[in-house]
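Everything below concerns the one structure shown next.
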Number of protein chains: 2
Amino acid sequence: MKAVPTHGIDLDVLENTLSFYIRVMDSQVSRNLDQRLDRLEVARGKGKITALFLIDGNPGIRPSVLAELILKDRSATGRILDSFEAHGLIERRDSAKDNRALECFITPKGAALAAKVRAIVVDQSTAFFDRIIPRDEQTVLMGILKRAYHRLREVEA
Amino acid sequence: MKAVPTHGIDLDVLENTLSFYIRVMDSQVSRNLDQRLDRLEVARGKGKITALFLIDGNPGIRPSVLAELILKDRSATGRILDSFEAHGLIERRDSAKDNRALECFITPKGAALAAKVRAIVVDQSTAFFDRIIPRDEQTVLMGILKRAYHRLREVEA
DNA sequence: GCGTGATAGTTGTAAAAGTCCATCAATTTT
DNA sequence: AAAATTGATGGACTTTTACAACTATCACGC
């Protein structure tokens, strides 16, 4: 990528639009993360990593609950689970309580992947933001976004 | 969407990972924005709005410069310009100085769309974040992200 | 118990984005 | 003048994502 100074370029109203910065940050951090996760079954897309962790940390979690937590519809979630299962990362078993429902369980292979991804994700986020945001500001940022995240869930409900 | 409380759900390391919150915020704000922009030629995808504004505000800007600014490769940028041109929003003319290059110019129709989109984008961002982040925190957030954005460009270069 | 409506999950489809690579023309460098 | 670089386009491919249709099951009220 070439050096194109941002000073002097007129970004119009985007200059003062929060959503613009969120969107740019996302695309860059996501691209960077995908490179780190290359070949790891969870690269690309926003929900795969969260889904893997949730299944790892909440044995028996159901696809529909998962869908709401990763903010996707059931069909998209189902396809993620299909690919997880095809790669031997999880198992879907019929629920004893509700014959419509399934329950997701991590496999040893899935747990191993989760451990690996855990390390990568944390490391990547730290490395990425350390280059562009001072540590004290990162703390502030995290606080604001964390509260916003929880409020988002309340509001959406 | 149903009420699924986030309290009590274990998000694993994501709980303290900045990239996670950035990614979630992005997906929500982008989805919300797309709904607002429905049918407007610039919905979906991250670069279209920025590209339109840049062409509007910088007459004669070249596709390759545009590509670097919207953080896409030339091929993807070209396709955005194709669709803009097909919809009569811009014109690409041969550059007088460099016969390889093109120069992009907004059309009246494109300028009208830019004006409309400008209003929507600002309004949407404000409305979206007002629901989940107090105004004073929004100011702080904007400052941090703005600095991060410019540093990102310096670092990437 | 039975019907209505909601819920769980799958499948199909369609649209679109992003990336990679090859190609071609024009320009700059040495 | 040859080589390397840059600007732009085109094709192919992978993935994501949303939307709607469909089956099966459950829950509630009467």
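Residue numbers start from 1 in every chain, and the chains themselves are labelled A, B, ... in the order their sequence lines are given, proteins ahead of strands. In this text the structure is predicted, and so the values were computed from the model without any measurement.
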Report the distance from atom [atom1] of [X] to atom [atom2] of [N], rounded to the nearest whole Å.
X: B:Arg100; N: D:dT5; atom1: CZ; atom2: P; answer: 13 Å
X: B:Ile80; N: C:dA16; atom1: CD1; atom2: P; answer: 13 Å
X: A:Arg79; N: C:dG12; atom1: CZ; atom2: P; answer: 9 Å
X: A:Glu85; N: C:dT10; atom1: CD; atom2: C1'; answer: 13 Å
X: A:Leu81; N: C:dG9; atom1: CG; atom2: P; answer: 9 Å
X: A:Ile70; N: D:dT17; atom1: CD1; atom2: C1'; answer: 12 Å
X: A:Leu102; N: D:dT25; atom1: CG; atom2: C1'; answer: 12 Å
X: A:Arg23; N: C:dA17; atom1: CZ; atom2: C1'; answer: 13 Å

Is [X] close enough to [N] that one of its side-chain N or O atoms is under 4.0 Å from OP1 or OP2 there?
X: B:Lys72; N: C:dG18; answer: yes
X: B:Asn99; N: C:dT27; answer: yes
X: A:Ser64; N: C:dG9; answer: yes

Within the 3.5 Å criterion, strictly below it, is a donor on A:Asp26 or A:Ser30 matched to an acceptor on the partner's side chain?
yes
Verify the distance criterion only: is there a donor paired with an acceptor across the side chains of B:Arg79 and B:Ser75 at less than 3.5 Å?
yes
Do A:Arg92 and A:Glu85 meet the salt-bridge criterion of a basic N to acidic O distance under 4.0 Å?
yes
Quick one: label [X] by what it contacts on the DNA or RNA (base, sugar-phosphate, nothing), any heavy atom closer than 4.0 Å.
X: A:Ser95; value: nothing
X: A:Asp73; value: base
X: A:Ala43; value: sugar-phosphate
X: B:Ala101; value: sugar-phosphate

Base [N] to side chain [X], donor-acceptor N/O within 3.5 Å cut-off:
X: A:Thr77; N: C:dG9; answer: no
X: B:Ser75; N: C:dC20; answer: yes
X: B:Arg74; N: D:dA8; answer: yes

Walking DNA chain C from its 5' end, the first of B:Lys48 and A:Glu103 to be reached, judged by nearest nucleotide, is A:Glu103
Can you see whether B:Phe129 has B:Arg131 sitting over its ring - NZ or CZ less than 6.0 Å from the centre and within 45° of the normal?
no
Would you say the side-chain atoms of A:Ser95 pair up with the backbone N or O of A:Leu102, donor to acceptor, closer than 3.5 Å?
no
Side chain of B:Arg62 (C-beta onward), nearest among D:dT25, D:dA8, C:dG9:
D:dA8
